[in-house]
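Proteins come first, then strands; the chains are lettered A, B, ... in the order of their sequence lines, and each starts at number 1.
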Protein chains: 2
Amino acid sequence: MSLLQLESFVVIAEEGHVGRAAQRLHVSQPPLTRRLRALEDELGVSLFARTPRGMTLRPDGERLLTHAREILARVDTARRAFAPSAGPPAAGPSKSG
Amino acid sequence: MSLLQLESFVVIAEEGHVGRAAQRLHVSQPPLTRRLRALEDELGVSLFARTPRGMTLRPDGERLLTHAREILARVDTARRAFAPSAGPPAAGPSKSG
DNA sequence: TCAAATTACGGTCGACGTAAGGATC
DNA sequence: GATCCTTACGTCGACCGTAATTTGA
């Protein structure tokens, strides 16, 4: 399980469409299908129901979606904590001003 | 930032020693040094102070350590939610009993 | 001098993109 | 017949391990 797989999964779930998800992620469909496939294989469950109009989240997929969002949110928080755009929230302002 | 980098960082921080961390992670020192290096480079900060006896966590490193532990804990929770060893906590037991 | 981290180098595995295939309505 | 997901194939990049180099008390 990698962050890339998790993010790919979330986007596919949001779009309900591998092609659309691929556009959002700036990759082609095959890599996305494979990432999802690898994730399902590792977890040993089927995350989506394949329909002729796209992908529908299954119960296991909905459960993973919750976990995935939390993980990605934490990662985003960590990244922001070190982003140069804004100072850390708890370190206090510099006394230079 | 990858889960592998985060896990590597945490182990190095715990051991204060790349060599020991490498043993725990079943890899040699160079890959571990590179993972840490890539993480520091991506974050734009120095996580450890290099000393002749090992590595000492710096303020930025301590901050990241907190984030990293939370992220890895969430990932572990997600994995357990799909682990075949135990059923999901909220799905209820099978009606077979 | 001694211990530890880091960089250089070659080899192997994984991931991507294009093209072809299978399935459903 | 059209749309979408999936698999096959060739190529490139990333990561690993061994060996050599640099760093710091």
Residue pair L72(B) / L3(B): nearest heavy atoms and the distance that separates them: CD2-O, 4.2 Å
Quick one: which protein N/O atoms are closer than 3.5 Å to N/O atoms of nucleotides 15-17 of chain C? Pair and distance per line, please.
residue: dC16(C); atom: OP1; partner: R35(A); partner atom: NE; Å: 2.9
residue: dC16(C); atom: OP1; partner: R35(A); partner atom: NH2; Å: 2.4
residue: dG17(C); atom: OP2; partner: S28(A); partner atom: N; Å: 3.2
residue: dG17(C); atom: OP2; partner: S28(A); partner atom: OG; Å: 3.1
residue: dG17(C); atom: N7; partner: R34(A); partner atom: NH2; Å: 3.2
residue: dG17(C); atom: O6; partner: R34(A); partner atom: NH1; Å: 3.2
residue: dG17(C); atom: O6; partner: R34(A); partner atom: NH2; Å: 3.4

Residues in side chain to side chain donor-acceptor pair (under 3.5 Å) with E15(B), at least two apart? R24(B)
Between the main-chain N or O of V18(B) and the side-chain N or O of R20(B), is there a donor-acceptor pair closer than 3.5 Å? no
Does a side-chain heavy-atom distance below 4.5 Å link L39(B) with L6(B)? yes
Before you tell me yes or no, could you show the steps for R69(A) and E62(A) under salt bridge (charged side-chain N to carboxylate O under 4.0 Å, His left out), namely the whole-Å CA-CA distance, both residues' side-chain angles and the distance that decides it to 0.1 Å? CA-CA 11 Å; R69(A) 283 195 209 275; E62(A) 292 189 18; over 6 Å; no
Do V11(A) and V27(A) share a hydrophobic cluster, counting only Ile, Leu, Val, Met, Phe, Trp and Tyr and linking them when any side-chain heavy atoms are less than 4.5 Å apart? yes
What is the distance from CG of D41(B) to P of dT6(C), rounded to the nearest Å? 13 Å
E40(A) side chain to L47(A) backbone, donor-acceptor under 3.5 Å: yes
Of P52(A) and T33(B), the one whose closest DNA chain C nucleotide lies more 5': T33(B)
Within residues 27-39 of chain A or reaching into it, pairs that qualify as side chain to side chain donor-acceptor pair (under 3.5 Å) - sequence neighbours excluded: S8(A)-R35(A)
Taking R58(A) for the side chain and T56(A) for the main chain, is one N or O donor matched with an acceptor at less than 3.5 Å? no
Under a 4.0 Å heavy-atom criterion, DNA chain D is touched by chain B from dC16(D) to dA25(D)
Contact between E14(A) and V10(A) at the side-chain level, heavy atoms closer than 4.5 Å - yes or no? yes
For dA23(C), does OP1 or OP2 lie under 4.0 Å from any side-chain N or O of R50(A)? no
Roughly what angle, to 10°, lies between the helix axis at the start of the helix from dT1(C)-dA25(D) to dC25(C)-dG1(D) and the one at its end, five pairs per end? 40°
For the pair E42(B) and R79(A), evaluate salt bridge (charged side-chain N to carboxylate O under 4.0 Å, His left out) and give the outcome as yes or no after the intermediate values. CA-CA 10 Å; E42(B) 182 180 342; R79(A) 278 196 234 254; 3.5 Å; yes
Could you check if a side-chain atom of H17(A) sits within less than 4.5 angstrom of a side-chain atom of I12(A), using non-hydrogen atoms only? no
For the residue pair L43(A) and M1(A), establish whether any side-chain heavy-atom pair is separated by less than 4.5 Å. yes
In whole Å, I'd like the distance from the CD atom of E40(B) to the P atom of dT7(C). 10 Å
In residues 12-20 of chain A, which residues come under 4.0 Å of DNA chain D by heavy atom? H17(A), V18(A), G19(A)
